[in-house]
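Index from 1, following the sequence. No experiment lies behind these values; they were computed from the predicted model shown. Only heavy atoms go into these numbers, but all of them, side chains included; no hydrogens, no water, no symmetry mates.
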Amino acid sequence: MRGTLVVTGTGTGVGKTVVTAAVAALARAAGLSVAVVKPAQTGLLPDEPGDLADVQRLAAPTTLVELARFPAPLAPAAAARLSGRPYVDLAECAERIRSLSEDHELVLVEGAGGLLVPFDDAGGTLADLAVRLGAPTLVVVDPALGTLNHTALTLEALGRRAIDCAGVVLGAWPAWPDLASRSNLADLEALARAPLAGALPSGSAALARGEFAAAARSGLAPALGGQFDAADFRRRHDPAPAS
């Protein structure tokens with residue numbers, strides 16, 4: 001995969017960073033130069049390792065860029081307001097990302113929280129950044145109960161803005177999925193109107209780099225550089241009783 005790809009999720013803690021690292025790892029394995037951009041990191045002090053530290057440990061991309069950091073564990077707009085610091089300027093973010101795309105074959109942009117979390121006092125969001133960039137957006141979801149509504153709303157928001165959906169990826173597929181998670185597979189594909197673009201095993205973030213690269217290869221679809229077979233994955237986890 002080449003160009004610019006925005007990575008969002010249906011909320012916080014669904015596996016955006018792990019999926020971003022997985023895409024980066026496969027691109028690096030293919031010999032591509034990769035930049036990973038975090039427009040806003042919240043909930044950490046300046047000297048604390050953030051999401052990009054995890055991406056570096058797992059995938060070692062060519063370039064890592066964090067554009068803003070706020071200590072409060074809040075949405076970027078709220079965290080900036082509380083800190084008294086300037087809001088994230090999405091126009092400047094877009095220019096920086098375009099500049100990186102001149103020197104890198106793939107630029108990954110990892111959002112904060114979900115697609116419509118505000119970055120500034122005007123209500124600018126990651127969706128607005130994706131529109132500025134004209135970039136497709138990968139949606140990372142939780143497989144568990146409640147995901148269908150969150151995923152449907154996220155996909156609807158992408159569609160309203162004419163943002164191309166690059167796929168839906170399960171950010172943390174459990175070793176022992178429950179009935180809701182297994183049942184959700186077919187419905188998630190129906191919402192996306194396409195096969196799943198991947199499913200990374202829960203706990204992937206704790207793997208060593210070589211093991212993580214193998215998990216990324218088996219957990220992401222060919223369009224993202226991997227070998228994930230959505231039909232086979234659904235078949236193996238089908239909750240329907242055998243006839």
Within the 4.5 Å heavy-atom criterion, are [X] and [Y] side-chain neighbours or not?
X      : Y      : value
Arg81  : Asp121 : no
Glu48  : Gln41  : no
Leu138 : Val6   : no
Leu106 : Val23  : yes
Val131 : Ile163 : yes

Criterion side-chain contact (heavy atoms from CB on, under 4.5 Å) on Ser33 and Asp103, from CA distance to verdict: CA-CA 8 Å; Ser33 56; Asp103 302 319; over 6 Å; no
Test log, rule side-chain contact (heavy atoms from CB on, under 4.5 Å), inputs Val19 and Leu224: CA-CA 10 Å; Val19 171; Leu224 298 172; over 6 Å; no
Derivation and outcome, side-chain contact (heavy atoms from CB on, under 4.5 Å), residues Trp173 and Leu196: CA-CA 12 Å; Trp173 182 253; Leu196 290 172; over 6 Å; no
Counting only N and O atoms by type, is there a donor-acceptor contact under 3.5 Å from the side chain of [X] to the main-chain atoms of [Y]?
X      : Y      : value
Arg209 : Gln56  : yes
Arg85  : Arg69  : yes
Ser101 : Arg98  : yes
Lys38  : Val109 : no
Thr147 : Pro143 : no
Thr20  : Lys16  : yes
Thr62  : Val34  : yes

Can you find a side-chain donor-acceptor pair between [X] and [Y] that sits under 3.5 Å?
X      : Y      : value
Ser218 : Gln227 : no
His104 : Thr63  : yes
Asn184 : Ser181 : no

Lys/Arg-Asp/Glu bridge criterion (N-O < 4.0 Å) met for Glu156, Arg160: yes
Check ion pair Asp238-Arg234 (N to O, under 4.0 angstrom): no
In one Ile/Leu/Val/Met/Phe/Trp/Tyr side-chain cluster, 4.5 Å: Phe233, Val169: no
Any residue meeting side-chain contact (heavy atoms from CB on, under 4.5 Å) with Ala79, in chain and number order, not counting sequence neighbours: Thr42, Phe70, Ala72, Leu74
Minimum-distance pair of heavy atoms, taken over all atoms of Pro136 and Ala166: CB-CB, 4.1 Å
Residue among Val55, Asp51, Val37 satisfying side-chain contact (heavy atoms from CB on, under 4.5 Å) with Leu64: Val55
Steps toward side-chain contact (heavy atoms from CB on, under 4.5 Å) verdict (Val168, Glu189): CA-CA 8 Å; Val168 169; Glu189 291 190 335; over 6 Å; no
